[in-house]
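Chain naming here is simple, since letters A, B, ... match the order of the sequence lines and numbering starts at 1 in each.
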Number of protein chains: 2
Amino acid sequence: MQEKKQQRHARPATYGKGQVRIDAILDAAAEVLINQGYKKMTLRQIALRAGITVGNLTYYYPSKETLLKDLLEKILSGYLEEMARIVKASGHIPEDRFVAVIEYLIDDLNRQRTTRFFPELWALSNHDEHAAELMEDMYVAERRAICDLIQAINPNLELQQAKHLALFVSCSIEGMTMFVGAGKQQESALQSMKKMACESFLLLIRQTSQA
Amino acid sequence: MQEKKQQRHARPATYGKGQVRIDAILDAAAEVLINQGYKKMTLRQIALRAGITVGNLTYYYPSKETLLKDLLEKILSGYLEEMARIVKASGHIPEDRFVAVIEYLIDDLNRQRTTRFFPELWALSNHDEHAAELMEDMYVAERRAICDLIQAINPNLELQQAKHLALFVSCSIEGMTMFVGAGKQQESALQSMKKMACESFLLLIRQTSQA
DNA sequence: TCCTATATTGTACACTTGTCCTAATTTAGT
DNA sequence: ACTAAATTAGGACAAGTGTACAATATAGGA
C-alpha cells in the first residue's frame, strides 16, 4: 500500500520566507505557462513575474527540469483533489454522482486556465517522459473514479467493459477542451454539450450488456 | 463564393530543383515537429534533416513564421483531403457513411504522426493566431461534413441540433488522441472505442428530437 | 557555348537560453 | 549584538536561436 508522497524537488526551505518564495515561483510559472505557452516559459519570465531575480530562482530550482516537475505535480494534484471533492460531495444515487462529475469536468472548461494548460501538457508529454508519467497518473485516477461510478450504475458490467466505458467518457470530455468553453464557442454550446454528454453516457452505460 | 487558395509562403521556385527543395524542407520540418516537438523544431534541425544548410533554408523561407504557416497548411489540408475522400468513397446509406467516417478518424489514431502532431497544434494555437485560424478552418470543415451526415440520418433535426451533435462527435474523437492508439493503450481499447463511439453516436442522433 | 537568374554555401551577427558563481544581505537562534 | 545559515542580487558564461549577407556553384534558355 505505497502512498505516492508529494515530494518537492525544490531546495528545502527552512525559513518561512523560502516557502513563500517557492509558492510564488510556482504560481508565477503557472501564469507564464498558461498566458504565454511553454516556449516562452523561460526562467527570466518566471522570475520577473515572481518579482525576484534569476539568481534567486535558480537558488530554489537549480534546473528548469525540477521546476517543471514541481509545477506539473502541483497543478495536476490540484485537479485530482477537486475531482475527489466533487465525488465525495455529491449525493448517494449513482446516476446523480456520475452526472455531477461529468458536469464538473465540463464546467471546468470555462476556465481559461484549464483550456490552455492541458494542451500544453499533452504536447509536453509527447516528448517528456516525466510529464507523460504525471499525466498518466492523473488520468488513471480520473478513470478509476469514473469507472467506479459506472459500475455502481450498471452492476452487470464486467470490469473491462466498465473500464472501456470510463475511457470513452474521459476521452469525450477531454476532447472538448479545444472547442468548447473559455472564449471558444458560444455559451449555449457548452450547455448543449453537457446535456448531450450526460444523456449519451448514461444511455451507453445502461444498455451495454455483458460480453 | 470565394475560393480559399492554397497560397505558398515560400520563395516561388522557378527551377524544378527549387520545388523539390521546398517539399523536402516541409517534409523535414514535419518529421522534426512530430519526432522532437515544436520546441526542438529549429531551423538547424530542419536543415540537417533535409540535407541542406541553414543558409539555403532561409533562402526559401526568409522567416520561421512563413515556414510554419506552409507546414501547418500542408499537413492540415492533407487531413481534410483524406477526410473528403472517405466521405465520397463510402456507400450511399447515411448510417454507413457516418460509420465509415468515424472509423476512419479513430483508425487514424494508430499513426504516431497523428497522435503527436495534433497536441502540438492545439498547444500552438493557444498563443499563435495563425495556427488557431488554420486549425479552426479544418475543424469547421470536418464538423460540416459530419453535420451533413447527421442530418441525412435524422432529417427531423434542426440545423442547430445537428451542429451541436457534430461538435460532440468531433470532440469525443479528438479526445481519444492522447489516450488511444499508437503506443498508448492496448489495441483492444481502440476497437472497443470504435464500437462504442459508433453505437453511442447513432443512438444519440436517432433519438434526439426537435426542441 | 555563354550568360543570367537561380540555388547553395559558409560565416557572422545580435539576441536569448539555462546554468553557474561570488559577494552581499537577511534571518533567527544564542 | 554576534554568528552561522539561509536568502538574494548581479553578473558572467557557453551554447543555441533566428536572421542577414557576400561569395560561389549550378541550372537552363540564348
Query raised in the report: Who pairs with B:F179 by ring-ring contact (aromatic ring centres under 6.0 Å, His included), at least two apart in sequence or on another chain?
Result: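 Partners of B:F179 by the ring-ring contact (aromatic ring centres under 6.0 Å, His included) criterion, ordered by chain and then number, come out as A:Y139.
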
Query raised in the report: Which residues satisfy the ring-ring contact (aromatic ring centres under 6.0 Å, His included) test with A:F118, sequence neighbours excluded?
Result: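 A:F118 satisfies ring-ring contact (aromatic ring centres under 6.0 Å, His included) with A:Y79 once adjacent residues are dropped.
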
[X] [atom1] - [N] [atom2] separation (whole Å):
X	N	atom1	atom2	value
A:M41	C:dT17	CE	C1'	13 Å
A:I25	C:dG18	CD1	C1'	15 Å
B:K40	D:dG18	NZ	C1'	19 Å
A:L57	D:dT7	CG	P	14 Å
A:I52	D:dA6	CD1	C1'	15 Å
A:L68	C:dT17	CG	P	16 Å
B:L48	D:dG16	CG	C1'	14 Å
B:I46	D:dT19	CD1	P	11 Å

Report task. Ignoring backbone atoms, establish whether A:T53 has a side-chain N or O less than 4.0 Å from OP1 or OP2 of D:dG10. Result ->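 A:T53 to D:dG10 OP1/OP2: no side-chain N or O under 4.0 Å.
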
Query raised in the report: To the nearest 0.5 Å, what is the distance between CG (B:N110) and OG1 (B:T115)?
Result: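 Rounded to the nearest 0.5 Å, the CG-OG1 separation comes to 9.0 Å.
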
Query raised in the report: How many angstroms lie between CD1 in B:I102 and CE in B:M193, if you round to the nearest 0.5 Å?
Result: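 B:I102 atom CD1 to B:M193 atom CE measures 14.0 Å (nearest 0.5 Å).
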
Query raised in the report: Are B:K69 and B:E73 ion-paired here, with the side-chain N under 4.0 Å from a carboxylate O?
Result: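 Not counted as a salt bridge, because no side-chain N and carboxylate O are separated by less than 4.0 Å.
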
Query - Carboxylate-amine/guanidinium proximity below 4.0 Å for A:R116 and A:E120 - result: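 No, this pair does not count.
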
Under 3.5 Å donor-acceptor pairs involving side-chain atoms of residues 36-51 of chain B, not counting sequence neighbours:
unit_1: B:T42; atom_1: OG1; unit_2: B:R44; atom_2: N; d: 3.2
unit_1: B:R49; atom_1: NH1; unit_2: B:E31; atom_2: OE1; d: 2.9

Could you write out each protein N or O paired with an N or O of nucleotides 3-7 of chain C at a distance under 3.5 Å?
unit_1: C:dT6; atom_1: O3'; unit_2: B:T14; atom_2: OG1; d: 3.3
unit_1: C:dA7; atom_1: OP1; unit_2: B:Y15; atom_2: N; d: 3.3
unit_1: C:dA7; atom_1: OP2; unit_2: B:Y59; atom_2: OH; d: 2.9

Heteroatom pairs (N/O) under 3.5 angstrom, protein to nucleotides 19-21 of chain C:
unit_1: C:dT19; atom_1: OP2; unit_2: A:K64; atom_2: N; d: 2.7

Query raised in the report: Got a donor-acceptor contact below 3.5 angstrom from the B:H92 side chain to the B:R97 backbone?
Result: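 Here the side-chain-to-backbone pair does not exist.
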
Query raised in the report: Which residue pairs pass the side-chain hydrogen bond (donor to acceptor under 3.5 Å, both in side chains) test with at least one member in residues 11-20 of chain A, sequence neighbours excluded?
Result: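 Passing the test, one end in residues 11-20 of chain A: no pairs.
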
